[in-house]
Amino acid sequence: MTENVNATATGTATENAPGTTAATAGTRVAAWAAPAPKAPLERTTVPRRAVGEHDVLIEIKYAGICHSDIHQARDGWGEGTFPMVPGHEIAGVVTAVGAGVTRFAVGDRVGVGCFVDSCRACEYCLAGQEQYCVKGMTGTYNGRDKNGDPTYGGYSTHIVVDENYTVRIPDGLALDVAAPLLCAGITLYSPLRHWGAGPGKKVAIVGLGGLGHMGVKIAAALGAEVTVLSQSLRKKDDGLRLGASHYYATSDETTFRDLAGTFDLVVSTVSAPLDLNAYLGLLKVDGALVNVGAPEEDVSLNLFSVITGRRTLAGSMIGGIAETQEMLDFCAAHGLGAEIETIRADEINTAYERILSSDVRYRFVIDAATI
């Protein structure tokens, strides 16, 4: 469904036959974009750069829909760049490679997550924590590359990415259930690993949605005792099936009293404001409340909630390229994929509304063949 991807003239890409090493020039590909803030997404075409020496051309097979796509397409986190093609949960197949590429070959199953470049020279990039690049990572969409050109994400048929910002999807993971791991999976894996979730640790996951359901799976696979904290018990059976040992409703006034001082780690995945003081009270001494959900509104905090238990209030943002690969390998080894509902591209706008009303279990994935 690309537009002119196989043309050989007027600035388009060369044919991607088996053994092809690189495309000679850029092209335009089919995509779904928000033309303006809060506007419905519509089918269009966007430019893709020529495949450079260290680039791979990826035919996108599936793209997950993250709640952050909605935040950005609707300017919820600040002014965006439009037209905007969201999508940073990308799974596909390499169809061409640059002459200097050593990590991948045509036919490889690959993924692209939340960023496609960084400065590569600061202490964090050199430490494999590119997501915290001092100069700022280049977002897969709603960003600008080193030439100042806007980046367009995974709601499209093809994407060109530097091999160093591309990861390999293990054969044990189907591409459709792997796509959401490129954001939802790594967003939970990184803090769970960093704060030591494992045997002997009690971990609470706040919210059982696109992020939270992967948090339950990963924390349980790491060996932790997992509790889900959700507004109601509506998804209790799912939570227990996914690996939780306990499930509590936060709307029940007894929950915070009964669970006070229980957890070593609480990871909040929700994008709505929470009573941080109440959740900090659930921690043991030296416990940590880590936020991976990003509400658009400010939240308040009484510092005594932190001081009285030597507790930590922290945040975490995805993971670096190496850790993302580690996460994919871990998920493949433990048979962990996202719980998905596959949709056509012309259902994206409906999917956005369903996400806002919590009507998905647990991640929408776009079949890129329908773009």
Side-chain angles (χ1 to χ4, degrees), residues 1-8 12-30 47-64 87-118 120 125 128 130 138 140 145-146 151-154 156-183 185-186 319-333 337 365 367-369 371:
M1 297 298 291
T2 56
E3 315 244 338
N4 295 328
V5 164
N6 292 326
T8 58
T12 55
T14 56
E15 186 175 357
N16 298 321
T20 296
T21 57
T24 57
T27 189
R28 296 187 70 86
V29 302
R48 292 300 187 195
R49 70 173 184 264
V51 177
E53 182 178 6
H54 295 287
D55 288 338
V56 293
L57 173 63
I58 301 167
E59 180 182 357
I60 298 171
K61 297 297 186 180
Y62 298 96
H88 56 210
E89 297 182 338
I90 301 169
V93 176
V94 174
T95 58
V97 300
V101 169
T102 60
R103 295 170 182 257
F104 302 101
V106 171
D108 284 350
R109 306 163 76 251
V110 295
V112 180
C114 298
F115 59 96
V116 291
D117 207 350
S118 62
R120 313 185 189 208
C125 286
E130 301 94 339
T138 300
T140 303
D145 63 22
K146 290 178 179 177
T151 57
Y152 300 108
S156 59
T157 59
H158 291 73
I159 190 170
V160 178
V161 183
D162 187 295
E163 65 171 326
N164 295 294
Y165 294 80
T166 305
V167 291
R168 186 179 303 277
I169 296 178
D171 290 338
L173 286 173
L175 292 179
D176 54 356
V177 300
L181 302 182
L182 276 302
C183 176
I186 187 58
I321 298 299
E323 188 175 42
T324 301
Q325 187 64 65
E326 177 186 304
M327 175 275 303
L328 288 170
D329 295 341
F330 176 88
C331 287
V365 171
D367 180 353
I371 292 175

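All residue numbers in this chain count up from 1 along the given sequence.
- Between the R48 side chain and the H158 main chain, a donor and an acceptor come within less than 3.5 Å of each other.
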Working note: D145 + D117, criterion side chain to side chain contact (heavy atoms under 4.5 Å, CB included); need CA distance, chi angles, decisive distance, verdict.
CA-CA 8 Å; D145 63 22; D117 207 350; over 6 Å; no
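- At least one donor-acceptor pair closer than 3.5 Å links the side chain of E163 to the backbone N or O of T102.
- Residue pairs meeting the salt bridge (Lys or Arg N to Asp or Glu O under 4.0 Å) criterion with at least one member in residues 87-100, sequence neighbours excluded, are E89-R363.
- Rounding to the nearest 0.5 Å gives a distance of 4.0 Å between CD1 of I186 and OG1 of T324.
- Shown here for A179 and G64, the closest heavy-atom pair between the two residues is CB-N, 4.2 Å.
- E326 pairs by the side chain to side chain contact (heavy atoms under 4.5 Å, CB included) definition with Y189, R193, not counting sequence neighbours.
- Listed here is the closest heavy atom pair of F115 and G320: CZ-CA, 4.3 Å.
- For T140, the side-chain hydrogen bond (donor to acceptor under 3.5 Å, both in side chains) test picks out no residue, with sequence neighbours left out.
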I'd like to know whether I321 forms a side chain to side chain contact (heavy atoms under 4.5 Å, CB included) with N164, so could you lay out the CA-CA distance, the side-chain angles of the two residues, the decisive distance to 0.1 Å, and finally the verdict.
CA-CA 8 Å; I321 298 299; N164 295 294; over 6 Å; no
Which pairs of donor and acceptor atoms, one on a side chain in residues 166-176, lie under 3.5 Å apart (sequence neighbours left out)?
unit_1 : atom_1 : unit_2 : atom_2 : d
T166   : OG1    : D162   : O      : 3.0
R168   : NH1    : D108   : OD2    : 3.1
R168   : NH2    : R103   : O      : 2.5

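- Residues that satisfy the salt bridge (charged side-chain N to carboxylate O under 4.0 Å, His left out) test with E59, not counting sequence neighbours, are K61.
- Residue I159 comes nearest to V161 through the heavy atom pair CG1-CG2, 3.8 Å, listed as atom of the first residue, atom of the second, then distance.
- With contacts defined as side-chain heavy-atom distances shorter than 4.5 Å, the pair P47/Y152 qualifies.
- The two residues V177 and P180 come nearest to each other via the heavy atoms O-CD, 3.6 Å.
- In terms of heavy-atom proximity, S156 sits nearest to G153 at OG-O, 3.0 Å.
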